[in-house]
Amino acid sequence: MTAGPDLLSLDYALPYPSRRPPAMGRAAIATSHHLASIAGMDMLAMGGNAADASIAAAMVLTVVEPTGCGIGGDGFAILWDGKELHGLNGSGRSAAGWTPEYFQGLTAIPERGWNSVTVPGVVSCWIALWERFGSLPLETIAAPAIRHARSGFLVTPTIARLWALGGQMLREQPGFAACFLPGGRAPRAGELFRSAAHAATLETIAATRGEAFYRGALADRIVADAEAHGAALSLADLGEHRAEWVGTISQRFANGIVHELPPANQGLATLIGLGILEAAGWEPSSPDDPHQLHLAIEATKLALADVYRHLTDVDAMRLAPEAFLDPAYLRERAKLIDPDRASDPGHGEPRPGGTVCLAAADDSGMMVSFIQSNYKGFGSGIVVPGTGIALQNRGVGFTLEPGHVNQVAPCKRPFHTIIPGFATDLEGDPLMAFGLMGGPIQAQGHLQLALRILGYGQNPQAAADAPRWRIDAGRRVGIEPGTDPALIEYLRARGHDIVSEELDATFSFGGAQIVLKTGDGYVAGSDPRKDGQALAR
């Protein structure tokens, strides 16, 4: 018998355009990795609900997609329980020692290392979601992630590319190489990767309902490593952390209402942009109508200008989030849009990021939008020895500018890029759980998904597949491959600085996961840019 090709010698390029249909069923899940989607679907098959499925998938993603999330990341969720919406803020605060003077002599928070790490909140997010809405034992929910960590999983081509990039940048960070560079290099596509330490940590988290992470043995190990490297994070900082149940903020658009979480995450930008867009005269047409696209870009610029100047931890904001959604304010902002020319409202420079998001729904009507992240790829690059806990670098979300509303301060949440999204109809009934990973494009991507699905009636898979645009600075607009050349020329003729970008391993146009409610069930779409997989049953 002739032997098959060596797995590692296969060419993993995808040179031909492909189409995937949306997944349809009475229960559904969409994630950025097939193993996470399978884990979530397994929970549903066992009689679990959408909360169980979301937590199982999220735990698996920390194993199979460490390039975007980890046990030491942050998380957020929006959940429809069958009667009402609930928002969950699982982001952490800065250390009590993080005064402006602590960073004296620097112009910005470091992007890597211990002085970029805020209290990691995603474990508290899993536990809070499970305690309030979970139906299966936590050990059952954690089992798929533990199995993949201990027995190993085959690294996908997409994750292999990101892993190699991260390895080049972070190999000198404490604990990184020992955890993520076996044999001195990143695993290649098709190679098996195991992490017994990651498995053991997940087992401890499940057995102690997260207590060990914040007030027990794992907390001791995290803080011991912080102290060994002169960092400010303390046992008190970890012990005082709790995930918080919050309401949502919302904005009507087309025939639906889009919901986001309150600051410090950037979901407010989506709502401001949608409100300005309608006030500027948006009207239903075709999904790629060039004039409507011009209006959407200009509305988004104004929204970003607002959030980059005013958004921070909600407890520290000088203006309430609702002030930015006042109809009179939105109309005044809309007047700044020239229907025929690009403008430059002078918003800040976005930053790249690394994130995973998922959406799940069950046959009882529960729907969940969940997102978690380590921020810049692997985050800080710090991995607590012997635990598999890769820590985020969310401290980068602060500014050191004196007097800025988002200036670093003790026990404060930084500006957060990751946002779960949800939409209801005008009567308040659920329509869609959705998200779009990818740092600063997330608020812009939420707006584009709302336009395509709520405004133009596209199905979730088409909306996930469609070429996207991204505002970078001033008139500069990044355009994804596949965009109609005539549309690009229309925008250039109106003064937009259009930059056509090739797809690469940084995923600068994000990756969407969507579950949309229909009359008899759900239809789900998942983004092919990041190995997305939607399943339904």
Side-chain angles (χ1 to χ4, degrees), residues 32-33 61-74 92 95 103 106 108-122 149 153 155-189 191 193-198 201 221-233 351-356 372-398 414 417-418 437-440 504-508 530-531:
S32 56
H33 197 288
L61 287 168
T62 68
V63 178
V64 301
E65 200 167 331
T67 52
C69 67
I71 301 173
D74 279 354
F103 294 97
L106 300 177
I109 303 290
E111 289 193 359
R112 309 293 183 185
W114 268 108
N115 279 336
S116 67
V117 179
T118 54
V119 173
V122 74
F153 66 95
V155 177
T156 63
T158 300
I159 300 306
R161 293 199 305 274
L162 290 169
W163 207 316
L165 290 173
Q168 292 170 11
M169 293 184 291
L170 302 172
R171 62 173 56 249
E172 301 303 323
Q173 291 298 332
F176 185 88
C179 181
F180 290 120
L181 302 178
R185 62 168 176 81
R188 300 187 180 105
E191 282 191 312
F193 179 80
R194 298 184 179 93
S195 178
H198 197 127
T201 291
R221 296 180 74 170
I222 293 169
V223 171
D225 198 49
E227 291 176 345
H229 293 91
L233 189 72
R351 306 181 181 99
T355 304
V356 297
Q372 64 187 23
S373 172
N374 271 8
Y375 195 29
K376 295 193 173 216
F378 284 94
S380 65
I382 300 293
V383 183
V384 180
T387 67
I389 299 172
L391 293 165
Q392 39 87 325
N393 58 344
R394 282 292 165 184
V396 178
F398 286 119
T417 56
I418 64 174
M437 63 199 85
D504 60 23
T506 63
F507 297 101
S508 55
K530 206 172 182 185
D531 296 342

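Please read these numbers as outputs of a predicted model, since none were measured by experiment.
- How far CD1 of I382 is from CG of L391: 7.0 Å, rounded to the nearest 0.5 Å.
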F103/N115 under side-chain contact (heavy atoms from CB on, under 4.5 Å): CA gap, chis, key distance, verdict: CA-CA 9 Å; F103 294 97; N115 279 336; 4.3 Å; yes

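- Separation of atoms OH (Y375) and CD (E111) is listed at 8.0 Å; rounding is to 0.5 Å.
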Return all side-chain donor-acceptor pairs below 3.5 angstrom for residues 162-179, not counting sequence neighbours, or 'none' if the list is empty.
{"unit_1": "W163", "atom_1": "NE1", "unit_2": "F180", "atom_2": "O", "d": "2.9"}
{"unit_1": "R171", "atom_1": "NH1", "unit_2": "G184", "atom_2": "O", "d": "3.4"}

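- In terms of heavy atoms, A197 sits closest to G388 at CB-N, 3.9 Å.
- The two residues A160 and A189 have their closest heavy-atom pair at CB-N, 3.5 Å.
- Side-chain contact, T417 with R394: a donor N or O sits under 3.5 Å from an acceptor N or O.
- Without hydrogens or angle criteria, R194 side chain to F153 main chain gives no donor-acceptor distance under 3.5 Å.
- Judged by distance alone, the side chain of S116 and the main-chain N or O of S380 form no donor-acceptor pair under 3.5 Å.
- Side chain of D531 to main chain of S32: no donor-acceptor pair is present (N/O by atom type, distance under 3.5 Å, no hydrogens or angles).
- Under a 3.5 Å cut-off, the side chain of Q392 and the backbone N or O of T118 do form a donor-acceptor pair.
- In terms of heavy-atom proximity, I418 sits nearest to S373 at CG2-CB, 3.5 Å.
- Here T387 contributes atom OG1 and D225 contributes atom CG; the two are 8.0 Å apart, rounded to the nearest 0.5 Å.
- A donor-acceptor pair under 3.5 Å is formed between the side chain of N393 and the backbone N or O of K376.
- In this structure, the separation between OG1 on T201 and CD1 on I389 is 4.5 Å, given to the nearest 0.5 Å.
- The shortest distance between side-chain heavy atoms of V63 and F193 does not fall below 4.5 Å.
- Using modelled atom types, one side-chain atom of N374 and one backbone atom of G70 make a donor-acceptor pair closer than 3.5 Å.
- When every heavy atom of E65 is checked against every heavy atom of I159, the shortest pair comes out as CG-CD1, 3.4 Å.
- With a 4.5 Å cut-off on side-chain heavy atoms, Q372 and V356 count as touching.
- Nearest heavy atom pair, residue T156 against residue H33, reads CG2-NE2, 3.5 Å.
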side-chain contact (heavy atoms from CB on, under 4.5 Å) between L233 and I222, worked out: CA-CA 9 Å; L233 189 72; I222 293 169; 4.0 Å; yes

